[in-house]
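Accompanying notes for the structure given below.
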Amino acid sequence: MDPMDIVGKSKEDASLPKATMTKIIKEMLPPDVRVARDAQDLLIECCVEFINLVSSESNDVCNKEDKRTIAPEHVLKALQVLGFGEYIEEVYAAYEQHKYETMDTQRSVKWNSGAQMTEEEAAAEQQRMFAEARARMNGGVPVPQPEHPETNQRSPQS
């Protein structure tokens, strides 16, 4: 692969973090096996080349379907086309596990971000934001709030 094969970037720009890759390599091998530094570098280069190959083929699959965004299905199809069909089941399982793990993280972030506010505080904040939005829409002129039927009072404004 030519050093400038990756659109406008030198080969050094398209690499993987050595510390992370070294950790992955060590985790995959028995504890009594050591890997020479140049062998680690070669493995990292192989990983980068593999990613480039799968990305390029995924892009081709995507283009053939007249899509503009590479989807997981395109990557799986690319693996099949490139002769890595025997890995598709394991790759798909890893993808599903990743989706599950990130879904839990996203949910907890959403719940935690609003957990410090009571329901009343959240409602008041919502009303304040609505009032600000109405004012922006009307050129900075505040718009009177509708009355609440239960109390015959106007909504609080900031």
Rounded distance (nearest 0.5 Å) linking atom NZ of K23 with atom CE of M28: 13.5 Å
Side-chain heavy-atom pair I51, L16 within 4.5 angstrom cut-off: yes
Closest approach of I70 to S55 (non-hydrogen atoms, all atoms of both residues): CD1-O, 4.2 Å
Partner residues of E27 under the side chain to side chain donor-acceptor pair (under 3.5 Å) criterion, sequence neighbours left out: none
Residues in ring-ring contact (aromatic ring centres under 6.0 Å, His included) contact with Y92, at least two apart in sequence or another chain: none
Interatomic spacing from CD in E57 to CG in L53 - rounded to 0.5 Å: 7.5 Å
In one Ile/Leu/Val/Met/Phe/Trp/Tyr side-chain cluster, 4.5 Å: Y95, V75: yes
Test side-chain contact (heavy atoms from CB on, under 4.5 Å) applied to A36 - qualifying residues, sequence neighbours left out: D38, A39
Residue pairs, two or more places apart or on separate chains, that pass ring pair (Phe, Tyr, Trp, His ring centres under 6.0 Å) and touch residues 45-89: F50-F84
With sequence neighbours excluded, residues passing side-chain contact (heavy atoms from CB on, under 4.5 Å) with E125: M117, R128, M129
Step-by-step side chain to side chain contact (heavy atoms under 4.5 Å, CB included) determination, V61 to E65: CA-CA 7 Å; V61 171; E65 294 182 10; 4.1 Å; yes
Euclidean distance, I24 CD1 relative to Q40 CD, rounded to 0.5 Å: 12.0 Å
Test item: I88 and Q80 side chains (from C-beta on) under 4.5 Å apart, heavy atoms: yes
Nearest-0.5 Å distance, CG of residue L82 to CG of residue D60: 9.0 Å
D41: salt bridge (charged side-chain N to carboxylate O under 4.0 Å, His left out) partners, not counting sequence neighbours: K18
Separation between SG of C62 and CZ of R68, rounded to the nearest 0.5 Å: 9.5 Å
Which atom of K67 lies closest to which atom of N63, heavy atoms considered: O-OD1, 4.1 Å
Interatomic distance, L42 atom CG to C46 atom SG [nearest 0.5 angstrom]: 4.5 Å
Criterion side-chain hydrogen bond (donor to acceptor under 3.5 Å, both in side chains) against E101, the qualifying member of K99, H98, Q97: Q97
